[in-house]
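Take a look at the structure set out below.
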Amino acid sequence: MRTVLKVVDNSGAKKVMCIQALKGKKGARLGDTIVASVKEAHPNGKVKKGKVVYGVVVRAAMQRGRCDGSEVKFDDNAVVLVDKQGLPIGTRVFGPVPHELRMKKHVKILTLAGHIA
């Protein structure tokens, strides 16, 4: 694990480090939930540095095949912070978000996103 991911919502965190992927041993893919530690944060945000949070991977540099034969991959690894129930902590999501999150039951993140890839 120990992957540093960019936070793409307005929850107050800038970067988080992955502690554990909650599904499987191999690591997290698009749409997977992770446990992470906040490494950088804005001074007056909702989450503070050092806090252990949950997050959903919304962008991954590793390519993922789609059912129509195309593949999707992004330039960076990014995450949206969520609570234990899976609801986003922030109120906005920046950048593109893949539509595969709909199958993983993260529809609330898709409604907050500005651009769906």
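All heavy atoms count here, side chains included; hydrogens, waters and symmetry mates do not. None of the values given here were measured: they were computed from a predicted structure.
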Inset, instruction - Mind checking the CG-CG spacing from Leu30 to Leu101? Nearest 0.5 Å is all I need. - result: 7.0 Å

Legend entry - Neighbour count above 12 (heavy atom, 6.0 Å) for Lys48 NZ: yes

Legend entry - Other residues, nucleotides, ligands: >12 heavy atoms within 6.0 Å of Arg102 CZ: no

Inset, instruction - Compare every heavy atom of Ala28 with every heavy atom of Val57, then report the nearest pair and how far apart it is. - result: CG2-CB, 4.0 Å

Inset, instruction - May I ask you to test the Arg64-Pro98 pair for a side-chain heavy-atom distance under 4.5 Å? - result: no

Legend entry - Any side-chain heavy-atom pair of Leu112 and Pro88 under 4.5 Å: yes

Legend entry - Option among Ile89, Asp9, Leu87, Ile109 that satisfies the side-chain contact (heavy atoms from CB on, under 4.5 Å) test with Val82: Ile109

Legend entry - Closest approach of Val38 to Ala13 (non-hydrogen atoms, all atoms of both residues): CG1-CB, 3.9 Å

Inset, instruction - Could you go through the side chain to side chain contact (heavy atoms under 4.5 Å, CB included) check for Val8 and Val58 one step at a time? - result: CA-CA 9 Å; Val8 292; Val58 294; 3.8 Å; yes

Inset, instruction - Over all heavy atoms of both residues, which pair between Gly27 and Ala21 is shortest? Give the atoms and the distance, please. - result: C-CB, 3.8 Å

Legend entry - Atom CG of Asp75: over 12 foreign heavy atoms under 6.0 Å: no

Inset, instruction - Report yes or no: does Asp68 contribute a side-chain atom to a donor-acceptor pair with the main-chain N or O of Ser70 at less than 3.5 Å? - result: yes

Inset, instruction - Look up atom CD1 in Ile34 and atom CE in Met17, then write down how far apart they are to the nearest 0.5 Å. - result: 10.5 Å

Inset, instruction - Please round to the nearest 0.5 Å and tell me the distance separating atom NZ of Lys51 and atom OG of Ser11. - result: 9.5 Å

Inset, instruction - Identify whether the distance between the nearest side-chain nitrogen and carboxylate oxygen of Asp32 and Lys104 falls below 4.0 Å. - result: yes

Legend entry - Candidate pair Val72 and Glu100, rule side chain to side chain contact (heavy atoms under 4.5 Å, CB included), full reasoning: CA-CA 10 Å; Val72 61; Glu100 280 90 357; 4.1 Å; yes

Legend entry - Asn77 versus Ala60, closest heavy-atom pair with distance: OD1-CA, 3.5 Å

Legend entry - Distance, nearest 0.5 Å, that separates NZ of Lys6 from CZ of Arg59: 6.0 Å

Legend entry - Which atom of Gln63 lies closest to which atom of Lys73, heavy atoms considered: CA-CB, 3.6 Å

Legend entry - Val7 and Val47: CA distance, side-chain angles, deciding distance, side chain to side chain contact (heavy atoms under 4.5 Å, CB included) verdict: CA-CA 12 Å; Val7 179; Val47 292; over 6 Å; no

Inset, instruction - Please tell me if the side chains of Val80 and Val97 come closer than 4.5 Å, counting only heavy atoms from C-beta onward. - result: no

Inset, instruction - Could you tell me which non-hydrogen atom of Asp83 sits nearest to which non-hydrogen atom of Tyr54, and how far apart they are? - result: O-CB, 4.4 Å

Inset, instruction - Kindly say whether Gly90 contributes a backbone atom to a donor-acceptor pair with the side chain of Asn10 at under 3.5 angstrom? - result: no

Inset, instruction - Would you check if Lys46 and Leu81 make a side-chain contact, meaning some heavy-atom pair closer than 4.5 Å? - result: no

